Amino acid sequence: MPVTSHDSHDLPEVLDRREGPYGEVVLRRHGALLQIIANGCFLMDTSDGRSERRLVDAAADALTASGERPAPHLLIGGLGVGFSLAHAAADPRWGRIAVVERERAVIDWHLGGPLAGMSAEALADPRTEIVEADLIDHVNETSATYDALCLDIDNGPDWTVTDGNGGLYSGAGLAGCARVLRPGGVLAVWSAQPSPEFEETLRIAGFQQVRTEEIPVARGVPDVVHLGVGPG
């Protein structure tokens, strides 16, 4: 169908398009919203953020339930549009906050780019550190340890952005997560849909108190957070 002048106002505007080591990433503006697209797959936009914020709060609540833990260290996997980081930085309970992001373009969009308004205050927080790395490499190689891991790098364990990400949700990938978790630490994984198979993999990997929390969204099926307490 031909695009009329009226329809053209509804078309998203590409603000930046880059080819990186994992394929193409695009930042678009659609009306008031900013959207991130990876290899043609819609990842997220700035429309809501309630489930990204709940990802962080669910991990904090699970830590609180396990006992007093002053200034816990948090790792956020995936910078995205910045909802999780901004929410974590607004909470004085957290100590160090590390955000692992493998796409240089996404980091640039936050450092003075179109997404700076979402994260500028959080990035200026002295507790915050941006780590440019692949998350799987980071959990397998870093000497740092964390009280909570909040991971949001895919649309879920069963719907990954790139094939290589699938390894994160395997037994070997979860062993890497467990390696960097302090005793009693919490793993929280965002997903667009429940994954009973991933729950079972968490249990097999030694995670305790495994559960899935639903998060109602404005439209469609609820998002979920998969939660588990690390072994040891």
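Since this is a predicted model, take the numbers as computed values, not measurements.
Between I130 and L123 there is a side-chain heavy-atom pair separated by less than 4.5 Å. Side-chain contact between V189 and L149 is absent, with no heavy-atom pair separated by less than 4.5 Å. Using a 4.5 Å heavy-atom cutoff, the side chains of D125 and I97 are not in contact. Side-chain contact between C41 and N155 is present, with at least one heavy-atom pair separated by less than 4.5 Å. Side chains of V224 and I215 form no contact here, defined as non-hydrogen atoms less than 4.5 Å apart. Residues Y146 and P72 have side chains not in contact (no heavy-atom distance under 4.5 Å, counting atoms from C-beta outward). Looking at P12 and R29, their side chains never come closer than 4.5 Å, going by heavy atoms from C-beta outward. Counting only heavy atoms from C-beta outward, the side chains of D147 and L74 never approach each other to under 4.5 Å.
Taking every heavy atom of both residues into account, L43 and A38 meet most closely at CD1-CB, 3.7 Å. Of all non-hydrogen atoms in V106 and G80, the two that sit nearest each other are CG1-O, 3.7 Å. Contact detail for G112 and A116: the closest heavy-atom pair is N-CB, 3.9 Å. Heavy-atom minimum distance, A122 versus L85: CB-CG, 3.7 Å. Across all their heavy atoms, L75 and H138 have their closest contact at CD1-CD2, 3.5 Å. Taking each heavy atom of G49 and E52 in turn, the nearest pair found is CA-OE1, 3.1 Å.
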Exercise for review: In sequence, state the C-alpha distance, the side-chain angles, and the governing distance for V161 and Y22, and then conclude on side-chain contact (heavy atoms from CB on, under 4.5 Å).
Suggested key: CA-CA 9 Å; V161 176; Y22 306 98; over 6 Å; no
Review point. So L34 and V81, side-chain contact (heavy atoms from CB on, under 4.5 Å) or not? Walk me through it.
Key: CA-CA 8 Å; L34 294 169; V81 297; 5.6 Å; no
Exercise for review: Dump the intermediate steps for side-chain contact (heavy atoms from CB on, under 4.5 Å) on N39 and T162, then the final yes or no.
Suggested key: CA-CA 9 Å; N39 294 318; T162 55; 4.0 Å; yes
Point to revise | Criterion side-chain contact (heavy atoms from CB on, under 4.5 Å) on M44 and F83, from CA distance to verdict | key: CA-CA 10 Å; M44 61 193 69; F83 281 129; over 6 Å; no
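Salt bridge absent: R102 and E132 never bring a charged side-chain N and a carboxylate O closer than 4.0 Å. For D108 and R18, the salt-bridge test passes: some basic side-chain N is under 4.0 Å from an acidic carboxylate O. Salt-bridge check for E13 with R28: failed, with every basic side-chain N at 4.0 Å or more from each acidic carboxylate O. We find that R54 and D61 are joined by a salt bridge, their nearest charged nitrogen and carboxylate oxygen being less than 4.0 Å apart.
If you chain together hydrophobic residues whose side chains sit under 4.5 Å apart, L151 and V56 never meet in one group. A continuous path of hydrophobic side-chain contacts links L115 to I107 [ILVMFWY only; heavy atoms under 4.5 Å]. In this structure, L187 is not a member of the same hydrophobic cluster as L63, with clusters built from ILVMFWY side-chain heavy atoms closer than 4.5 Å. Residues V186 and I153 do not share a hydrophobic cluster, defined by chaining ILVMFWY side chains whose heavy atoms lie under 4.5 Å apart. Transitive grouping of hydrophobic side chains (ILVMFWY, heavy atoms separated by less than 4.5 Å) keeps V210 and V225 in distinct clusters.
With hydrogens and angles ignored, the 3.5 Å screen pairs a side-chain donor or acceptor of E101 with a backbone N or O of L79. D152 contributes no side-chain N or O that, together with a main-chain N or O of G78, makes up a donor-acceptor pair within less than 3.5 Å. For the pair R127 (side chain) and H73 (backbone), a donor-acceptor distance under 3.5 Å is absent.
Ring planes of F198 and Y169: perpendicular class, angle over 60° (limits at 30 and 60°).
Distance check: I76 CD1 to H87 NE2 gives 10.0 Å after rounding to the nearest 0.5 Å. Here the CZ-OG1 distance, from R179 to T142, works out to 7.0 Å after rounding to the nearest 0.5 Å. Here Q35 contributes atom CD and T46 contributes atom OG1; the two are 8.0 Å apart, rounded to the nearest 0.5 Å. Considering CG of L135 and SG of C177, their distance stands at 6.5 Å, rounded to 0.5 Å. Rounding to the nearest 0.5 Å gives a distance of 13.5 Å between CG of D57 and CZ of R50. Distance check, rounded to the nearest 0.5 Å: CD1 of I36 to CH2 of W109 gives 5.5 Å.
A donor-acceptor contact closer than 3.5 angstrom is absent between the side chains of T160 and D154.
When each of S51, S84, P157 is paired with W190, the side-chain contact (heavy atoms from CB on, under 4.5 Å) condition holds for S51 and for no other.
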